Amino acid sequence: MKLIFMGTPDFAVTILRGLIAAGHSLLAVVSQPDRPVGRKQVITAPPVTLAALELGIRVLQPTKLRTTEARADLEPLLKQPDAIVVAAYGRILPDWILSAPRYGCLNVHSSLLPRYRGAAPINWAIANGESETGVTTMQMDPGLDTGPILLQRKTPIGDTETAPQLTSRLAVIGAELMVETLQRLDDGTLSPIPQDDSQASNAPLLKREDGLIDWHWSSIEILNRQRGFTPFPGCYTIADHRRLEILRAVSENSLERHAESGTIIEIVKDSFVVQCGHDSQLRVMEVQLEGRRIMPARDLLNGGSLKTGMRLG
């Protein structure tokens, strides 16, 4: 098929390369504008833009889609493709794009819709302790991930799997599923299925405050959030008025230890233990104190920053 591709991060690069490997013709790629990245705020092109340029594909990077200028640039292109494939582009598409191609706009979404509609489905699925997720291809409509489902594929979430690790796996699944979706649409063997809105849940854009630990949660719930919120916004608490991010920890359970949630109940050479909710504990082995490098817990303990009986948060 002749396609236009819309996407921005590494997840979308895998989809783009999968379409090309399957023999589809990419007329153009639409991605987000270059943005400042890192502490030095170096202006950097999105991964999809870099991949498209490497592959010799025309790239457009409109700042906004709902402008006269963007429409003038894009609309002539929209008469050519059979479909527009969208993967983590990051913008709601206007009606004049959604209705343009023969097969419309087809989205690769990294959840089992209607669950986890929104910008961060992988992060929230892990943070909420889900044991299973997947990828959905859908026919886009004006809503946020509300369009009819085309195909779905499930996959388990590993007990220690982080958001970046799961993202890489789902990208591969998504590429395969979109290739199959296009083939079956072309063959006429695929029928869209409306979503059941009563089963919907949301996966909103992550905010820095989402990473703040509530020590009344169980240690397993805290570890789920640590895995889901890697690398942003992280999973952190407050220690002596400074942000302390938990980078590596394990869950422990013992009914013999009784202390208020958030209390450091044990300090040993290489770790410290914090009392959590539901009679559980978190043993912490690696941290990052605000303004400092990532360090083993023992380095922080050697500095005397933490004491038994101290409450975090």
Side-chain angles (χ1 to χ4, degrees), residues 39 116 118-131 157-167 201-313:
R39 289 186 177 182
Y116 295 107
I122 297 172
N123 307 88
W124 285 109
I126 296 176
N128 289 339
E130 301 286 358
S131 60
I157 299 175
D159 291 341
T160 61
E161 197 165 24
T162 64
Q165 291 167 340
L166 182 55
T167 297
S201 61
N202 295 320
L205 189 69
L206 294 174
K207 305 182 296 296
R208 187 167 296 278
E209 54 266 33
D210 290 325
L212 181 63
I213 296 170
D214 181 341
W215 290 106
H216 291 93
W217 296 328
S218 72
S219 55
I220 292 295
E221 289 173 314
I222 293 169
L223 284 177
N224 287 340
R225 294 176 83 89
Q226 189 270 329
R227 294 187 298 117
F229 296 159
T230 297
F232 178 86
C235 188
Y236 63 91
T237 188
I238 304 300
D240 195 22
H241 306 291
R242 298 175 72 184
R243 172 187 164 114
L244 180 67
E245 185 167 354
I246 308 300
L247 295 173
R248 188 161 59 90
V250 294
S251 172
E252 296 187 353
N253 290 276
S254 171
L255 296 176
E256 297 177 2
R257 298 173 177 175
H258 295 288
E260 289 189 71
S261 297
T263 303
I264 297 175
I265 59 175
E266 179 182 283
I267 291 178
V268 294
K269 182 179 179 181
D270 296 325
S271 64
F272 61 93
V273 178
V274 186
Q275 182 67 39
C276 306
H278 306 280
D279 295 315
S280 64
Q281 294 85 38
L282 192 72
R283 182 174 295 277
V284 181
M285 291 88 73
E286 188 175 68
V287 297
Q288 184 171 21
L289 190 62
E290 184 178 353
R292 302 279 297 278
R293 60 176 176 81
I294 295 173
M295 67 181 81
R298 67 171 177 271
D299 290 357
L300 182 64
L301 297 170
N302 288 341
S305 299
L306 303 181
K307 306 287 185 185
T308 304
M310 178 180 179
R311 289 197 68 194
L312 303 177

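Everything quoted here is computed from the prediction, not taken from an experiment.
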* Evaluation steps, side chain to side chain contact (heavy atoms under 4.5 Å, CB included), between N224 and W217 -> CA-CA 11 Å; N224 287 340; W217 296 328; over 6 Å; no
Subject >> Step-by-step side chain to side chain contact (heavy atoms under 4.5 Å, CB included) determination, K307 to I264 >> reply: CA-CA 7 Å; K307 306 287 185 185; I264 297 175; over 6 Å; no
Problem set entry | side chain to side chain contact (heavy atoms under 4.5 Å, CB included) between T230 and Q165, worked out | CA-CA 10 Å; T230 297; Q165 291 167 340; over 6 Å; no
Residues R242, E290; criterion salt bridge (charged side-chain N to carboxylate O under 4.0 Å, His left out); working and verdict: CA-CA 6 Å; R242 298 175 72 184; E290 184 178 353; 5.3 Å; no
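Using a 4.5 Å heavy-atom threshold, the side chains of N202 and W124 count as separate. L244 has its side chain within reach of L289: a pair of non-hydrogen atoms, C-beta onward, lies under 4.5 Å apart. Residues C235 and I213 have side chains in contact (heavy-atom distance under 4.5 Å, counting atoms from C-beta outward). Between I222 and Q226, the closest side-chain pair of non-hydrogen atoms is not below 4.5 Å. Using a 4.5 Å cut-off on side-chain heavy atoms (C-beta onward), T308 and F272 make no contact. Side chains of L212 and Y236 form a contact here, defined as non-hydrogen atoms less than 4.5 Å apart. Looking only at side-chain heavy atoms (C-beta outward), W215 and L282 come within less than 4.5 Å of each other.
The number of heavy atoms from other shown groups lying within 6.0 Å of CZ (R292) does not exceed 12.
We find the CG-CD1 distance between D159 and I220 to be 8.5 Å, quoted to the nearest 0.5 Å. Here the OG atom belonging to S261 is positioned 8.0 Å from the CG atom belonging to D214, to the nearest 0.5 angstrom. Of the inter-residue distances, the one linking K269 atom NZ with N302 atom CG reads 9.0 Å to the nearest 0.5 angstrom. If you take CD on E266 and CD on Q275, they are separated by 11.5 Å, rounding to the nearest 0.5 Å. Atom CD1 of residue I126 and atom CG of residue L223 lie 12.5 Å apart, to the nearest 0.5 angstrom. Between M295 atom CE and Q288 atom CD the span is 7.5 Å, to the nearest 0.5 Å.
Between F229 and G211 the shortest heavy-atom distance is CD1-CA, 4.1 Å. L312 and A239 get closest at one heavy-atom pair: CD2-CB, 3.8 Å. Shortest non-hydrogen contact noted between C276 and S218 is CB-C, 4.2 Å. Residue D240 comes nearest to M310 through the heavy atom pair N-CE, 3.6 Å, listed as atom of the first residue, atom of the second, then distance. For the pair S271 and R283, the tightest heavy-atom approach, listed with the atom from each and the gap, is OG-NH1, 2.9 Å. The shortest non-hydrogen separation linking A297 to V284 is CB-O, 3.6 Å.
At least one donor-acceptor pair closer than 3.5 Å links the side chain of N123 to the backbone N or O of G228. S280 contributes no side-chain N or O that, together with a main-chain N or O of N253, makes up a donor-acceptor pair within less than 3.5 Å.
A salt bridge (charged side-chain N to carboxylate O under 4.0 Å, His left out) check over residues 217-228, counting only residues at least two apart or in different chains, returns nothing.
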